[in-house]
2 protein chains.
Amino acid sequence: MPSPSLTPIDVNRLKAVCSTCSLHELCLPAGLDQRELEIFGRLFNRRRPVKRGDYLYRAGAELQSLYALRTGFMKSCVLHEDGREQVAGFHMMGDLLGLDAISSNSHTCDTVALEDSDVCEIPFSSLEKLSREIPSLQNHFHRIMSREIVRDHGVMLLLGSMRAEERLAAFLLNLSQRFAVRGYSPTEFNLRMTREEIGSYLGLKLETISRVLSRFQEEGLIEVQNKHIKIKKPEKLHALIGQTACKI
Amino acid sequence: MPSPSLTPIDVNRLKAVCSTCSLHELCLPAGLDQRELEIFGRLFNRRRPVKRGDYLYRAGAELQSLYALRTGFMKSCVLHEDGREQVAGFHMMGDLLGLDAISSNSHTCDTVALEDSDVCEIPFSSLEKLSREIPSLQNHFHRIMSREIVRDHGVMLLLGSMRAEERLAAFLLNLSQRFAVRGYSPTEFNLRMTREEIGSYLGLKLETISRVLSRFQEEGLIEVQNKHIKIKKPEKLHALIGQTACKI
DNA sequence: ACACTGGTTTGACCTAGATCAAAATGCCGC
DNA sequence: GCGGCATTTTGATCTAGGTCAAACCAGTGT
């Protein structure tokens with residue numbers, strides 16, 4: 001039953017907050033009722049801006065919250081104590097960050113904003129509590145964690161058995177698809193990261209990224225202008241790889 | 001309160017079943033009371049043997065259960081439709097398998113026994129239900145998923161930024177450590193997988209695995225005899241890499 | 001004991017991508 | 001609009017690891 005203290009307008013406001021907040025991942029599919037929604041909205045309302053270049057969290061920091069990325073763009077890097085760092089993922093609107101920290105109660109990678117961003121803090125203990133009460137939320141959360149595992153397997157496939165061209169094609173198509181899901185153009189977008197960061201993610205050097213990008217351009221598959229990318233022949237990019245790698 | 005229908009002997013039996021069943025991952029740390037233990041024991045009692053070479057599950061199969069590996073050794077492979085396959089992980093006693101399937105309700109990789117094995121089936125819906133009732137179980141399950149994510153990040157680091165020697169050193173030390181945790185010798189063990197499977201996992205070819213293994217042997221770091229490995233200078237293997245990669 | 005089969009080792013050679021270097025471009029603060 | 005810095009492009013060269021090929025070995029079933 002609807003809680004008496006909530007008008008339909010409140011509920012709509014909550015829904016709006018909620019759906020902006022963690023769009024694709026946490027909120028929408030949870031199918032909460034009004035009372036649940038209210039709690040949910042409260043829980044998910046702790047907004048925190050992160051300026052470009054700032055850390056959302058660093059490796060070693062204690063787990064307090066997970067973070068739903070509302071707007072902006074981030075990267076996560078896992079570090080090797082000899083200085084090497086490996087970009088483990090790029091995150092955009094709707095992604096849920098910090099899952100790595102649950103295992104040991106402390107973060108295992110650095111997460112940095114690549115442009116001015118906004119996150120919702122989600123205190124992890126509250127999330128666990130709430131998901132004990134709301135089965136659909138529980139299941140949804142499990143799916144999100146599992147999806148991350150599947151995604152990582154995809155990256156392992158990419159790093160372990162694809163050539164430079166294939167990796168980059170998969171990368172571009174993956175970005176394209178993620179933009180599409182979020183309502184942006186899948187064929188034209190700005191890269192938020194440097195060639196070096198792409199290289200790190202794909203296990204290649206920045207020069208190789210640059211060269212392959214140029215080659216793709218020569219072959220008419222894409223147009224590159226600095227950070228601006230226009231995908232002209234997605235089907236040819238697809239052909240370069242198998243489909244597996246980009247449906248992550 | 002203890003359930004009146006359970007004698008201390010029952011409880012001990014359940015504890016035994018339970019701890020053999022999913023040793024390091026699910027049971028031990030859950031800290032259940034007697035009633036919980038009883039339900040748990042029932043839930044985890046569906047034993048299923050898997051013969052060497054048989055599939056535990058295949059990509060595409062619907063998610064029914066997760067599997068706690070009781071005895072034996074398995075590998076998971078993610079497949080590329082052009083035939084390439086990438087080994088995504090090796091599993092031993094105590095590991096929890098099938099987490100990838102939660103995301104889409106169907107498995108995304110093949111899991112095959114590398115030697116005769118035994119698993120406990122854990123119906124996923126029951127696990128979700130039970131973990132709503134037992135917070136410590138819930139949290140433990142979340143940690144397991146998160147650990148898998150952390151592990152995968154480690155593999156990404158390895159594949160993305162380590163040289164062949166480093167990869168193999170990290171691999172051997174990782175195995176060594178996992179055997180140690182399970183009470184086996186960390187310095188002497190049998191590889192259950194072929195050089196080709198190691199290669200696939202590490203993003204290298206079998207010839208490279210063979211060569212590097214030989215080189216390690218020449219340098220006195222290890223002794224290899226076919227599948228039998230003796231680690232003679234773990235500290236030197238450590239020195240070859242940073243520590244990060246092997247503490248997964 | 002033997003032959004088959006699948007796995008492993010080792011060698012010779014080759015190539016994708018790394019490395020090094022330098023020029024070109026874009027971007028930010030002033 | 002200008003100077004300085006970071007990023008990117010492109011070229012020339014080098015090398016780790018891949019490829020191809022042949023011998024070798026270990027376990028299995030007969």
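Chain letters run A, B, ... following the sequence lines, proteins first and then strands; every chain starts at 1.
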For Glu148(B), is there an ion pair with Arg151(B) - N to carboxylate O distance below 4.0 angstrom? yes
Quick test of your reading of the model: are Lys236(B) and Glu219(B) salt-bridged, counting only N-O distances below 4.0 Å? no
For dT10(C), does OP1 or OP2 lie under 4.0 Å from any side-chain N or O of Ser214(B)? yes
Please confirm whether the backbone N or O of Ser210(B) pairs with a side-chain atom of Ser214(B), one donor and one acceptor, at under 3.5 Å? yes
Within-4.5 Å side-chain heavy-atom neighbours: Leu173(A) and Ile241(A): yes
Rounded to whole angstroms, how far apart are [atom1] on [X] and [atom2] on [N]?
X: Ile209(A); N: dT19(C); atom1: CD1; atom2: P; value: 13 Å
X: Leu158(A); N: dG17(C); atom1: CG; atom2: P; value: 12 Å
X: Leu213(A); N: dT7(D); atom1: CG; atom2: P; value: 16 Å
X: Arg163(A); N: dT15(C); atom1: CZ; atom2: P; value: 14 Å
X: Phe216(A); N: dT9(D); atom1: CZ; atom2: P; value: 14 Å
X: Gln217(A); N: dT9(D); atom1: CD; atom2: C1'; value: 12 Å
X: Arg52(B); N: dG6(C); atom1: CZ; atom2: C1'; value: 10 Å
X: Arg215(A); N: dT9(D); atom1: CZ; atom2: C1'; value: 14 Å

When the aromatic ring centroids of Phe189(B) and Tyr184(B) are compared, is their separation below 6.0 Å? no
Would you say NZ of Lys230(A) has more than 12 non-hydrogen atoms from neighbouring residues, nucleotides or ligands within 6.0 angstrom? no
How about CD on Glu235(B), more than 12 heavy atoms from neighbouring residues, nucleotides or ligands closer than 6.0 Å, or not? yes
Going by salt bridge (charged side-chain N to carboxylate O under 4.0 Å, His left out), name the pairs with one or both residues in residues 194-207 of chain A, residues two or more places apart or in two chains. Lys75(A)-Glu197(A)
Compute the angle between the rotation axes at the two ends of the helix from dA1(C)-dT30(D) to dC30(C)-dG1(D), each taken over five pairs, rounded to 10 degrees. 60°
Donor/acceptor link under 3.5 angstrom from Arg211(B) side chain onto base of dT19(D): yes
Can you name the one residue among Phe124(A), Tyr57(A), Tyr55(A) that meets ring pair (Phe, Tyr, Trp, His ring centres under 6.0 Å) with His107(A)? Tyr57(A)
Sequence neighbours left out, what passes side-chain hydrogen bond (donor to acceptor under 3.5 Å, both in side chains) with Arg48(A)? Give chain and number order. none
Contact residues, residues 192-208 of chain B to DNA chain D [heavy atom, < 4.0 Å]: Gly203(B), Leu204(B), Lys205(B), Glu207(B), Thr208(B)
Give, ordered by number, those residues of residues 219-230 of chain B having at least one heavy-atom distance below 4.0 Å to an atom of DNA chain C; if nothing qualifies, reply none. Asn226(B), Lys227(B)
List in chain and number order the residues that pass side chain to side chain contact (heavy atoms under 4.5 Å, CB included) with Asn226(A), two or more places apart in sequence or in another chain; answer none if no residue qualifies. none
